[in-house]
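As structure tokens, the structure follows; a few thoughts come after it.
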2 protein chains.
Amino acid sequence: MSKHAKEMGILKEHLGKHQLKFTRQRELILDAFLKQEHITAEEMYHQLARKDPHLGLATIYRTLNLFCEAGLAQARHFGTQTQYDNVSHKGHHDHLICTGCGKIVEFENCDIERLQEEVATRNGFTIQTHRLELYGLCSRCRH
Amino acid sequence: MSKHAKEMGILKEHLGKHQLKFTRQRELILDAFLKQEHITAEEMYHQLARKDPHLGLATIYRTLNLFCEAGLAQARHFGTQTQYDNVSHKGHHDHLICTGCGKIVEFENCDIERLQEEVATRNGFTIQTHRLELYGLCSRCRH
DNA sequence: GTTGAAATTGATAACCCGTCTCAAAAAGAA
DNA sequence: TTCTTTTTGAGACGGGTTATCAATTTCAAC
């Protein structure tokens, strides 16, 4: 699929450097992965079940972890599950979560992101991704 | 008379509001919990084994989750384990987490906190707590 | 202080997510 | 094509957490 040519190239380069092979399954999974902002292995398993009913869950886990090593994905532990974030997807958003009714509001704030970069640099880190969640009461639940 | 009177009060208030009971185990676990900045259930299990060899692991999990509901603790999933953070420990701190070696650096940034308040206010929220985790590579793992 | 309903505990079974195992299949260089 | 190496799929396995349930404890009402 040529619309993911860049990422396919990154993957192939990583495979070449580590004596790994390019397989039909890896191509299929990368293609599906790049269409999303983030996904769990289980979700992908069900999505791809239609295209290839014999694709094993273990293969999906192995491949998503491979993507992490290649720098295409980033694993994040959320609740009991692991989310695999699409690193090439730039529109990162954070969350305001109401502890009263569970409402979730998404937001983006460049100033906060800039300060995060500063903190990271000061500690010798290079940020790959982040997670910011604000818990509180929305206007309706406050009363 | 415990030196953690304030937190004990918060716990008792929460218990009262939810028809829950104050038990020897809950007091013991809260006391041990408040002495640390963050801890896993397993770690606490081993720590308290000396004081009470019959204290069950399930009770510790249940109680730490109770502390989360009472606002005294905050659960953070890292790798395969869950860390329970002591919210009252010298204010709130955030984390820089190395995706290479798992190293965790704690930091505090008033400017970020102020911007968080702004975002919340703009959306009609009052913040109770928050969670900020920056994932990336530390200086050693970058090479 | 006793009583009794309701909540809690401890031991362990069950559960879930993710990894490991291994024989069969596929990739890819010669 | 041949041959070596890697990958795959299916299920077993493992570690962390939660559910189960009988026995115990709490605590409010007597």
Side-chain angles (χ1 to χ4, degrees), chain A residues 8 11-30 32-33 38-70 73-85, chain B residues 8 11-30 32-33 38-70 73-85 99 102:
Chain A
M8 205 63 84
L11 176 61
K12 283 187 176 170
E13 193 186 328
H14 180 85
L15 295 176
K17 275 185 183 166
H18 296 80
Q19 294 147 264
L20 303 176
K21 294 174 177 176
F22 186 73
T23 65
R24 184 180 58 79
Q25 288 88 339
R26 284 174 177 166
E27 182 176 13
L28 187 66
I29 293 171
L30 179 59
F33 176 69
H38 44 70
I39 194 167
T40 66
E42 206 83 31
E43 282 167 4
M44 177 161 287
Y45 181 62
H46 290 119
Q47 274 190 23
L48 291 181
R50 273 166 291 162
K51 286 196 174 179
D52 183 351
H54 295 293
L55 188 60
L57 189 53
T59 298
I60 292 179
Y61 274 107
R62 281 186 295 233
T63 305
L64 288 173
N65 287 334
L66 172 70
F67 293 171
C68 288
E69 283 153 27
Q74 163 81 51
R76 268 198 313 158
H77 302 276
F78 186 78
T80 65
Q81 293 205 131
T82 301
Q83 285 253 351
Y84 291 86
D85 290 5
Chain B
M8 206 63 86
L11 176 60
K12 283 186 176 171
E13 194 187 324
H14 179 85
L15 295 176
K17 276 186 185 166
H18 296 81
Q19 293 147 265
L20 304 175
K21 294 172 177 177
F22 186 73
T23 65
R24 184 180 60 76
Q25 289 89 340
R26 284 175 177 166
E27 182 176 14
L28 186 66
I29 293 171
L30 179 60
F33 176 69
H38 43 71
I39 196 168
T40 65
E42 206 83 31
E43 282 166 6
M44 177 159 287
Y45 181 63
H46 290 119
Q47 274 190 24
L48 292 181
R50 274 165 294 165
K51 288 195 172 178
D52 183 350
H54 295 293
L55 188 60
L57 188 53
T59 299
I60 293 181
Y61 274 108
R62 281 186 293 232
T63 306
L64 288 174
N65 287 333
L66 172 70
F67 292 171
C68 289
E69 281 155 28
Q74 186 167 342
R76 200 163 43 84
H77 303 275
F78 184 74
T80 64
Q81 292 204 133
T82 301
Q83 285 252 349
Y84 291 86
D85 290 5
T99 57

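The chains referred to below are lettered A, B, ... by the order of the sequence lines, with proteins before strands, and numbering in each begins at 1. Everything numeric in this text was worked out from a predicted model, so none of it was measured.
Terminal axes of the helix from C:dG1-D:dC30 to C:dA30-D:dT1 (five pairs each, C1' rotation axis) are separated by 30°, to the nearest 10°.
With a cutoff of under 4.0 Å to any heavy atom of chain A, the contacted region of DNA chain C is bounded 5' to 3' by C:dC17 to C:dG28. Interface limits on DNA chain D: the 5'-most and 3'-most nucleotides within less than 4.0 Å of chain B heavy atoms are D:dG16 to D:dC27.
Taken to the nearest 0.5 Å, the CD atom of B:Gln47 stands 9.0 Å off from the OG1 atom of B:Thr40. For the atom pair A:Phe67 CZ and A:Leu11 CG, the distance stands at 5.5 Å (nearest 0.5 Å). Expressed to the nearest 0.5 Å, how far NE2 of A:His46 lies from CD1 of A:Ile39 amounts to 11.0 Å.
Using a 4.5 Å heavy-atom threshold, the side chains of B:Phe33 and B:Thr63 count as separate.
DNA chain C lies under 4.0 Å from at least one heavy atom of each of the following residues of residues 40-58 of chain B: B:His54, B:Leu55, B:Gly56, B:Ala58. Remark: A:Lys21, A:Phe22 in residues 13-22 of chain A come within less than 4.0 Å of DNA chain C through at least one heavy atom.
Ranked by how close their nearest DNA chain D nucleotide is to the 5' end, B:Arg24 and B:Tyr84 are led by B:Tyr84. Where A:Arg62 and B:Arg26 each meet DNA chain C at their nearest nucleotide, the meeting point lying more 5' is that of B:Arg26.
Every residue was checked against the ring pair (Phe, Tyr, Trp, His ring centres under 6.0 Å) condition with B:Tyr84, not counting sequence neighbours, and none meets it. In this view, A:Gln83 and A:His38 satisfy the side chain to side chain donor-acceptor pair (under 3.5 Å) rule, not counting sequence neighbours. Applying the side chain to side chain donor-acceptor pair (under 3.5 Å) rule to A:Thr23 yields no partners; only residues at least two apart in sequence or on another chain are considered. Applying the side-chain contact (heavy atoms from CB on, under 4.5 Å) rule to B:Ala32 yields the partners B:Met44, B:Leu48; only residues at least two apart in sequence or on another chain are considered.
Pairs passing the salt bridge (charged side-chain N to carboxylate O under 4.0 Å, His left out) check and including a residue from residues 38-55 of chain A, sequence neighbours excluded, read A:Arg24-A:Asp52.
A pairwise comparison of heavy atoms in B:Ala75 and B:Cys68 identifies N-SG, 3.7 Å as the closest pair.
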Review item, side-chain donor-acceptor pairs of residues 14-21 of chain A, under 3.5 Å, at least two apart:
from, atom 1, to, atom 2, distance (Å)
A:Lys17, NZ, A:Glu13, OE2, 3.4
A:His18, ND1, A:His14, O, 2.8

List the atom pairs, donor and acceptor, that lie under 3.5 Å between side-chain atoms in residues 55-62 of chain A and the rest of the protein, sequence neighbours left out.
from, atom 1, to, atom 2, distance (Å)
A:Thr59, OG1, A:Arg62, NH2, 3.2

